[in-house]
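Below, each value reflects all heavy atoms present in this structure, side chains not excepted, and no hydrogens, waters or symmetry copies. The shown structure was predicted, so the numbers you read here are calculated from the model rather than taken from an experiment. Every chain is numbered from 1, with letters handed out A, B, ... down the list of sequences.
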Amino acid sequence: MTTTSKKLETVIVRFAGDSGDGMQLVGDRFTAATAHVGNDLSTLPDFPAEIRAPAGTPGGVSAFQIHFASRDILTPGDHPNTLVAMNPAALKAHLDALEAGGTLLVNEDAFTPANLRKAGYEANPLEDGTVEDYQTFEVPMTTLTTRATDDIEGLKPAEAQRTKNLFALGLISWMYGRPGKATISWLEAKFASKPAIKEANVAAFKAGYNFGDTAEIAATPIEVGPAPLDAGEYRNINGANATAMGLLAASVKSGLQLFFATYPITPASELLHHLARHNRFGVRTVQAEDEIAAVNMALGASFGGKLGVTATSGPGMDLKAETIALAQVLELPLVVIDVQRAGPSTGLPTKTEQSDLLMAIHGRHGESPLPVIAASTPSGCFDAAVEAARIAVRHRTPVILLSDTFLTNSSEPWRLPSMDDLPEIDPDFAIGPNAGDEFLPYLRDERGARPWAIPGTPGLQHRLGGLEKEHGSGKVSYDPANHALMTKLRAEKLEKLAEELPPLVVDADEGAELLVLGWGSTSGVIGAAARRIRGRGLPIAIAHLRNLEPMPLNTGDVVRSFDKVLIPELNTGQLLSLVRDKFLVDAIGHNKVEGLPILAEELEQAILELIE
Amino acid sequence: MTTTSKKLETVIVRFAGDSGDGMQLVGDRFTAATAHVGNDLSTLPDFPAEIRAPAGTPGGVSAFQIHFASRDILTPGDHPNTLVAMNPAALKAHLDALEAGGTLLVNEDAFTPANLRKAGYEANPLEDGTVEDYQTFEVPMTTLTTRATDDIEGLKPAEAQRTKNLFALGLISWMYGRPGKATISWLEAKFASKPAIKEANVAAFKAGYNFGDTAEIAATPIEVGPAPLDAGEYRNINGANATAMGLLAASVKSGLQLFFATYPITPASELLHHLARHNRFGVRTVQAEDEIAAVNMALGASFGGKLGVTATSGPGMDLKAETIALAQVLELPLVVIDVQRAGPSTGLPTKTEQSDLLMAIHGRHGESPLPVIAASTPSGCFDAAVEAARIAVRHRTPVILLSDTFLTNSSEPWRLPSMDDLPEIDPDFAIGPNAGDEFLPYLRDERGARPWAIPGTPGLQHRLGGLEKEHGSGKVSYDPANHALMTKLRAEKLEKLAEELPPLVVDADEGAELLVLGWGSTSGVIGAAARRIRGRGLPIAIAHLRNLEPMPLNTGDVVRSFDKVLIPELNTGQLLSLVRDKFLVDAIGHNKVEGLPILAEELEQAILELIE
Amino acid sequence: MSENGHDHEHGNGAAGTLTKADFQSGQETRWCPGCGDYAILASVQALMPELGIPPEKTVFISGIGCAGRFVYYMDTYGMHGIHGRAPALATGIATAREDLSVWVVSGDGDSLSIGGNHLIHSLRRNVPIKLLLFNNQIYGLTKGQYSPTSETGKITKSTPFGSEDHPFNPLALALGADASFVARTIDVEKVHLTEVLRKAAEHEGSAFVEIYQNCNVFNDGAFDAVRGKGGGPNQIRLEHGQPLRFGAENERGVVRSADGGLEVVEVADVGADAIVVHDAHIEDPSHATALARLADAPTGPTPIGVFRDVKRPVYGAARQHELLEAHANATLGDLDELLRSGDTWTV
Amino acid sequence: MSENGHDHEHGNGAAGTLTKADFQSGQETRWCPGCGDYAILASVQALMPELGIPPEKTVFISGIGCAGRFVYYMDTYGMHGIHGRAPALATGIATAREDLSVWVVSGDGDSLSIGGNHLIHSLRRNVPIKLLLFNNQIYGLTKGQYSPTSETGKITKSTPFGSEDHPFNPLALALGADASFVARTIDVEKVHLTEVLRKAAEHEGSAFVEIYQNCNVFNDGAFDAVRGKGGGPNQIRLEHGQPLRFGAENERGVVRSADGGLEVVEVADVGADAIVVHDAHIEDPSHATALARLADAPTGPTPIGVFRDVKRPVYGAARQHELLEAHANATLGDLDELLRSGDTWTV
Ligand SMILES: Cc1ncc(C[n+]2csc(CCOP(=O)(O)OP(=O)(O)O)c2C)c(N)n1
Ligand SMILES: Cc1ncc(C[n+]2csc(CCOP(=O)(O)OP(=O)(O)O)c2C)c(N)n1
Ligand code: SF4
Ligand code: SF4
Ligand SMILES: [Mg+2]
Ligand SMILES: [Mg+2]
């Protein structure tokens, strides 16, 4: 029995098991407990494209990684310190990621010859030396779980065994000193209507916890103290939920009912699932017949004076392109959210990538420029959504908001803003004539924006449409000079927006010659890599673009003021192209297209190669 | 009576009248006669978006311009030397274009108060000095036509009047010494089944001709001798027809049946209308329910071993994007033709623009690179179509072929190639195992292309699909490293194609410091402007890109070897962006988005500003 | 004062004081002379004031095509969208704004070719929009290709050897999609068209109205058997509660056939009592479908009028009511509360 | 030798020597344990050799969804396309290659939501493809949103307060689009399913088959009233030429109702002679439509079997024949000639 514990600043744990093993649930609960301890944290769920991929095979493994620390952290971490593998397939799929000498916890019971075969092992890795460089604990989790639950009335053996994930959670909770109370009350609430299942889950959890505590396992418990976060109220949030909250905030702030029309697609559907519940805020969600219908419905609602929003992932963006171009010519507010996933085509639908940037900017016929912004962190999705709505409403334009699979699924603590502090969004509807006693629907204001006159407003009847419109009057016009003028005026809306944007902020060390410039979800890893570089005493500069089109006015000056510019992206170099084109700077890409985030060590390495 | 005539090297004539006035027919016939004379020529039809736009209004005017010469010419010309205006609206819409002191021929009868009002004239322009700087001939065409046809039996007065376009044609034919015989036989064939109409048209034509000849008009007939064209057999052809012929040639050369599926859209529909007639070559045309269906049908046919082709214009390209990305991952041959029109959205559907270039390259989610090529001249559409099909078939990839409204409608003499001289296109179907006794559908050849095994081939059954595929085996693979590899291999197909491309040819004068680099339909005007610059004794270099993605390997060297690079485009700078991004060259754009081609004088001016 | 500077003295919408002029945008009409679209426009502009809905509460939505230009000529709110998507645009507007009267104008290509899916989905949902299908059995705006309602074998620019497609029966398709209101009328039959559109306007939910519209340039005379002079005897005019009799002397009628459909007979042969009495309100769409199938093409006796008019829940209406109320009452405080619900902690 | 290295001794396709194994790709099936898709796959793989079409002449096309994975498990030529577009892909293949047997496998979301337009157009054209709709009344692959066949009020991830949409009746929709072959069967009814698919295979032209498929993860039990143990008495089994009787003791039957539809009665109440005799070959689709309307949802007595099976011209077939011949005979010389037809001149 040991009561001493080891203090660590930062820890990475990964749970891996069959899709049916409940790894995501375990991860979620561990995250909740970790948040309660006051750690900073970041998570990364990772699951297969199938609903229930074949049991026992590496393709069917579902995993969840959490990085938590007593200081602030920026990514879900590179290599787990501890890996929980519920079966041979999980071991096969994830052992490579475990840090050298790391802790490995396996469910020994699952290492049967049949399971080994399904996982593709010829010999038992627990016996043939495969795991000998790790601190391995072989725990008969199935047996222990069965034993812990065998006197529960009305529980079937299969049900009993299914709670072994809670055993693992209990054990890991003990190992990292996470309190069990919250988990237990959550289980009690969740399974309130199924007493036997509830009891079994609680018993399995406790058994796992006690298994550690009673020193049946020779591991030292680890303590990770609270992180010195800014004072405030916190919750844990993932990108999908943060985006939903941001849209709600924009709706309440603007007084515009949120009209969210979409067609299900992984991973964007999560946003629909979140918003559909918020009828209390008057959110109108519509599951349309397809993506084209969805964006048209949202645009129709915008014409009707609502906050029209649609969301999708890659393939759905292709389909919405024609209507986005229509919205661009109608100059109506519209928010289009693209939760990027790994492509092209159907690709790897549950994996992450940042490869829709150039499509967002150029993916429509004709000259059809519009604002493109990108969220950078899970909780930052809130601000990005508010910002997208604000630009759309104030500048009367469709806005594309880029998110991605990683941001959507990953979670982190979020210091809750107060809604009062958010800037107002004034829809500023047209209510009367704007040119003597005439109403000119394409008369522009100082932002280049035209009036938003909604049906029901007497006397402002007008007709919009995709044929080129005459400046001012908005009548159909085939006049060559007018087309040139309107093309210019539409482009100028972006220039005027750029003038309103805050400058690109550079976090530069004295003497830094290399700028690492990012956008979107690489924000965390760029920060983490910079920290490592700085830890080595080397100077570096980093900057992150939220506005990709238009970019802040100082972007050119920033990139030109460094000897080297490195642009890490989960694509083959899309921001890279933009920077080269716009600023004629010979920037260098660090590109990864594996469906997974860049690791801090990978980026550190890339940086070192450039500055050494 | 005068029999002397004036010799000119080059002449530009524009016919303008109501949509119902038959200006396109007159233009076509004049072109045919001009071709027979042996002139080089170039034409530009220009018509409204409506079927029969409101009679008598400037919006309803239809026009046809022809440029012909006793030397080779490159564009339909900037300013007509002679304008035929059939009514006040036509005068209003086109007088500005007429060269200073040019010849103006009006149908005096049409200048009634009602017509003047519809055209927006407060006073009669024939009387208030508006036309006094031109050599104006006021001819009572309606009256003369009526008189010429009044003894034709069974002809209604309205029918008689409708032939006044032939009167105008006759007069202009006399004026420029075009023989009448071909026109008369054409009329006789065309109206063979309607004798009264036939007689009337012929009579009107002769009346116009004789009106000039009998010196009722004080104009000097003009002689434009034959151009010294290369020896060979010629025909006149527009871009739509040349594209159709190119696709037929690719079909016959490859032995692949042409499967052309499309959805009607202006101006791409012309291609369907042409191809639908060629059942003699086994062409299968399908009018699908929409653009998405069309591209899927073509792709399905490709899977079945046909030459799958689809064509559309801007809005339809948006809709096809998702399927093009699928084809890119399936690595099947597919030709997608985009006849660009002025956008964005519905825009100016009958006008020209080059604003789909960046969409062609980037307009799909994910990393989805594919070859993009562009036709440069009406007759050049033939070669471009053959080339697109050849690349698609040999490299197993979708190819986007960019054309535009101008190329589609414009015509020029074409020296007919012999089909025997065209290079073979070998579909090289897979007929057996390619890896021992296995068939690996994603095993690549030296071009990076995979085998094309078509249904019906025993033993080669395989499944394609949009989920990422394992290198070699083609099985579904979610492996991160494999996705990175496949992304790279798909991109490398373009690099390998680039190695096969002929180098970019530069036509440079000694000491030239400025390169004018173009793509697509600006080819003619760039040549014409260069000729003017050279005419001034100034040195210049020009080059034209047919392959936009990938570009010829020497492109970077070419653009870097000049002090200045000017890129004229009918957009806001799309090739410009590509050149800046790829080669970090601070090129300069000359951009026009008015739905009309760039004029030689405009480009000449832009060049002079840069080299003076 | 609307965009065109046209003066709306009656723009405040008090019903009864509205006139046809209040619905005319004054923008120059750009259809070919003689096009059937003119007649429809005139009838619609005349009907609107009678409905008592002011122009500012009326929205016309269209896709692309000759028919689609309709919206520019109505001095209401309007949107000329993209090809085929008008029902989706209209669904957005009608769902978001239940206080508006939303109309869709569309051609046979727009609605049935590229837009077929949005059409059937809006009908099954019973979205409160009025869908007017200007069926001229041809693509007008793109200059004369065949459409999904063109007869098999049709020779057009895109089918010089005749089309191979079997055409849709638009009403049968709409009924297959559970449309709650289905009707047919004819461009130049002003009284009939007005009556049908009035009923469509009164119907709660989607109303689908096929209008035979002559395209005199690319498909002249397609409806001659039932349209204009001489067409009358072939019109089987549907009146709820009336026997299905027609012909110059009402000498012909419709009876149920042995195999479950309907067929045309001489009344003299079967007796007046055997003639089916039309009932537009039957829940089961079988009767309306059989009527639609009586004439797959308008080349002989062809029913016009209201085939089906039944009540079923209107999409969105009830919920949007609640949501609007919730939205009006939602405060920033509620949002603060929502953010703070569930697991939170304080540092 | 196919991609998976599976040995096809009988790959040369001589009918009769084919076995089920010839149609199994050997790729690991990735549906949830217990999913109805397994039963359909097994039945299809067993039926294929009986049809006598060799695997290399067979093509399976799918869109995206759980159902869409079907193609990977068939050792035929196959394409897993994009969401909703399988009928269009299949139209391309079937039109280009009339020598192939082309099958489409699709879910209710894939076929009826995003893909509705391609579905109805392929049916009206009568493209020679067999369309299998795996209707589980839910979106499986995207993890449980409601679909266009889900019942109104359905609570799902996307509709926590119940869906507002009225569902499609897929067969009525197909009939509205003039489908020449329309049938329904059930995943686990191996004999019935096989028989229906065999008839679909034999039908010339489009065959549309709705298969009730249980999604035991997101919509378990949706078809319990007609499926599996105890479902039998609710199955109205359609047999051409047989009276429409059903029930545990055949005690119930179907008669024509006064308003033109069909209704369920106790045979004892009306007498056996009053029961409608099923005729799948009636040209007029009214009878089949009334049958489809008999049960808008499978919650009570529900017809299964072939509703309609009529002959009408098959899209593309005749013309493609001519074209292929023309193509085979076309020479470069013909093309030279074409280019030189019309106005040419020599310099
Ligand atoms: C995406 C897209 N595809 C094609 C077109 C071209 N287009 C415009 S209208 C039209 C069809 C016109 O026919 P219909 O809908 O019957 O209307 P009509 O002109 O006969 O009134 C087509 C194909 C387009 N504008 N957009
Ligand atoms: C363009 C596009 N939109 C959305 C999706 C996401 N998606 C994949 S399958 C599917 C629907 C699945 O339901 P269904 O067709 O009924 O098939 P099932 O999984 O139930 O067999 C959706 C919405 C996609 N892949 N592509
Ligand atoms: S083309 Fe036909 S439908 Fe279009 S405006 Fe002319 S007559 Fe009317
Ligand atoms: S989610 Fe449903 S339909 Fe999909 S595989 Fe699982 S059980 Fe089958
Ligand atoms: Mg039409
Ligand atoms: Mg489904």
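In the model, D:His287 has no side-chain atom that pairs as donor or acceptor with a side-chain atom of D:Asp279 under 3.5 Å. Looking only at atom types and distance, the side chain of D:Arg125 has no donor-acceptor partner in the side chain of C:His166 under 3.5 Å away. Defined by atom type and a distance below 3.5 Å, a donor-acceptor pair is present between the side-chain atoms of C:Tyr139 and C:Ser113.
Residue contact with chain D, scored on non-hydrogen atoms closer than 4.5 Å, involves the backbone of C:Ala258 exclusively. For C:Arg256, the part sitting under 4.5 Å from any heavy atom of chain D is the side chain, from C-beta outward, and nothing else. When heavy atoms are compared at a cutoff of 4.5 Å, C:Asp259 approaches chain D by way of both its backbone and its side chain. For D:Pro170, no part lies near chain C; criterion is any non-hydrogen pair under 4.5 Å. Contact of D:Leu112 with chain C is made through the backbone alone, with heavy-atom distances under 4.5 Å. For C:Ile282, the part lying near chain D is the side chain, with the backbone staying farther off; criterion is any non-hydrogen pair under 4.5 Å. Residue D:Ile114 touches chain C through its backbone alone, counting heavy-atom pairs closer than 4.5 Å. The contact between D:Leu262 and chain C is made entirely by backbone atoms, counting heavy-atom distances below 4.5 Å. With a threshold of 4.5 angstrom between heavy atoms, C:Leu294 does not approach chain D through any atom at all.
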Take D:Thr91 and D:Tyr315, measure what side chain to side chain donor-acceptor pair (under 3.5 Å) needs, and give me the verdict at the end.
CA-CA 9 Å; D:Thr91 297; D:Tyr315 181 78; over 6 Å; no
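Comparing D:Ala288, D:Ala290, D:Gly176, D:Gly316 by heavy-atom pairs within less than 4.5 Å of chain C, the highest count is held by D:Gly176. Between chain D and the options C:Ala174, C:Ser257, C:Pro285, the largest number of non-hydrogen pairs under 4.5 Å is found for C:Pro285. Counting heavy-atom pairs under 4.5 Å between each of C:Gly261, C:Pro167, C:Pro148 and chain D puts C:Pro148 at the top.
The aromatic rings of D:His121 and C:Phe168 lie perpendicular to each other, with more than 60° between the two planes, well past the 30° mark. Ring geometry for C:His240 against C:His278 counts as perpendicular: the plane angle is over 60°, on a 0 to 90° scale with 30° as the lower cut.
Using modelled atom types, one side-chain atom of D:Thr152 and one backbone atom of D:Asp165 make a donor-acceptor pair closer than 3.5 Å.
If you run side-chain hydrogen bond (donor to acceptor under 3.5 Å, both in side chains) between D:Asn169 and each of D:Thr289, D:Asp296, D:Thr149, only D:Asp296 comes through.
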